[in-house]
Amino acid sequence: MSAGPAPTCAVPLPRAFYARPADQVARALLGQRLCVEQGGRRSLARIVETEAYLGVEDLACHASRGLTPRTRTLYGPPGTAYVYLIYGLHHLFNVVALAEGEPHAVLVRAVEPLSELPARTDGPGRLTRALGIDLTHNGIDLSEPPISILPGDPPADVGVDRRIGVDYAGTWADAPLRFVDAASTHLSRPLAR
DNA sequence: GACCGGATTATG
DNA sequence: ATAATCCGGTCA
């Protein structure tokens with residue numbers, strides 16, 4: 001039995017990483033690595049696009065309608081997964097941020113494959129399909145299998161933009177809460193400016 | 001129990 | 001431009 005330290009690639013980001021407002025977590029998540037172990041397959045991908053959702057005041061955030069069965073996981077501890085189905089078709093993967101009882105979250109909108117993947121990963125619905133993420137992962141801790149987030153190299157250049165698909169959210173629709181690795185060729189959409 | 005809309009994607 | 005497709009929120 002070796003008592004040596006685990007390989008670096010297996011050490012997830014600490015809980016403290018997520019314990020700050022979602023805009024900070026969204027930016028910091030760029031370049032980190034998403035690891036999904038599913039049905040004997042291990043997928044690895046680099047996070048290149050995120051969006052922050054800032055709790056009850058943010059009209060684009062699901063929590064702005066209060067605590068319901070669906071948004072319950074949003075109110076859970078930081079560093080857990082919030083997964084939901086949209087348009088009856090696509091699973092969207094979010095990371096809970098800030099603190100228990102504070103419904104902040106970061107939507108992961110695009111990743112770059114670091115291992116062979118069966119589908120495109122540039123888009124929030126595509127990446128969950130490629131990685132096999134679905135509702136069964138809602139609420140799980142992201143510091144251990146089957147889904148974990150591991151340290152990676154942050155991008156040299158971060159682009160900031162308004163969020164996609166939240167035109168209904170009044171003044172919040174224009175808030176600069178979308179973050180991308182400006183050099184990535186795997187964004188769901190190019191930067192607006 | 002009925003109705004409606006959505007943090008999207010593929011296709012025309 | 002629009003269909004696909006269904007969960008959960010809202011109102012009754």
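First the proteins, then the strands, lettered A, B, ... as listed; each starts at 1.
Side chain of A:Gln32 to main chain of A:Gly152: a donor-acceptor pair is present (N/O by atom type, distance under 3.5 Å, no hydrogens or angles).
In this structure, A:Arg70 reaches the sugar-phosphate backbone alone: every heavy-atom distance under 4.0 Å involves primed, P, OP1 or OP2 atoms, never a base. Residue-level contact check: A:Leu85 touches the backbone only, with heavy atoms under 4.0 Å from sugar-phosphate atoms and none from bases.
For A:His90, taking side-chain heavy atoms from C-beta onward, the closest of the listed nucleotides C:dA4, B:dT9, B:dA7 is B:dT9.
Between the NE2 atom of A:His62 and the P atom of B:dA7 there is a distance of 4 Å, given to the nearest Å. Here the P atom of nucleotide C:dC7 and the CG atom of A:Asn138 are 14 Å apart, to the nearest Å. One atom, CD of A:Glu51, and another, C1' of B:dT8, lie 12 Å apart when rounded to the nearest Å. Protein atom CZ of A:Arg126 is 5 Å distant from nucleotide atom P of B:dT9, rounded to whole Å. Rounded to whole angstrom, the span from the CG atom of A:Leu74 across to the P atom of B:dA7 amounts to 12 Å. We find that NE2 of A:His91 is positioned 19 Å from P of C:dA4, with the value rounded to whole Å. A straight line from CG of A:Leu54 to C1' of B:dA7 spans 13 Å, rounded to a whole angstrom. If you measure from atom CD1 of A:Ile86 to atom C1' of B:dT8, you get 6 Å, rounded to the nearest angstrom.
For DNA chain C, each stem of at least three Watson-Crick or G-U pairs (distances under 3.5 Å) is given as range with range: B:1-6 with C:6-11, B:8-11 with C:1-4.
Other residues, nucleotides and ligands place no more than 12 heavy atoms under 6.0 Å from the CZ atom of A:Arg72.
Contact annotation: A:Arg178 side-chain N/O to B:dA7 OP1/OP2 distance is not under 4.0 Å. In this model, the phosphate group of C:dC7 is not approached by any side-chain N or O of A:Tyr87 to a distance below 4.0 Å at OP1 or OP2. Between A:Arg129 and B:dA10 there is a side-chain N or O to OP1 or OP2 distance below 4.0 Å.
In this structure, A:Tyr84 OH and A:His90 NE2 are separated by 11.5 Å, a value rounded to the nearest 0.5 Å.
Counting heavy atoms from C-beta on, the side chains of A:Leu13 and A:Pro151 come closer than 4.5 Å. Using a 4.5 Å heavy-atom cutoff, the side chains of A:Tyr18 and A:Thr80 are not in contact.
A donor-acceptor contact closer than 3.5 angstrom is absent between the side chains of A:Ser184 and A:Glu49.
In this structure, A:Gly88 and A:Pro69 both approach DNA chain C, and ranking their closest nucleotides by distance from the 5' end singles out A:Gly88. Along DNA chain C, the nucleotide nearest to A:Leu135 and the one nearest to A:Leu89 differ in position, and the one closer to the 5' end is contacted by A:Leu89.
Ion pair A:Arg46/A:Asp181 flagged as a salt bridge, since at least one NZ, NE, NH1 or NH2 atom sits closer than 4.0 Å to an Asp/Glu carboxylate oxygen.
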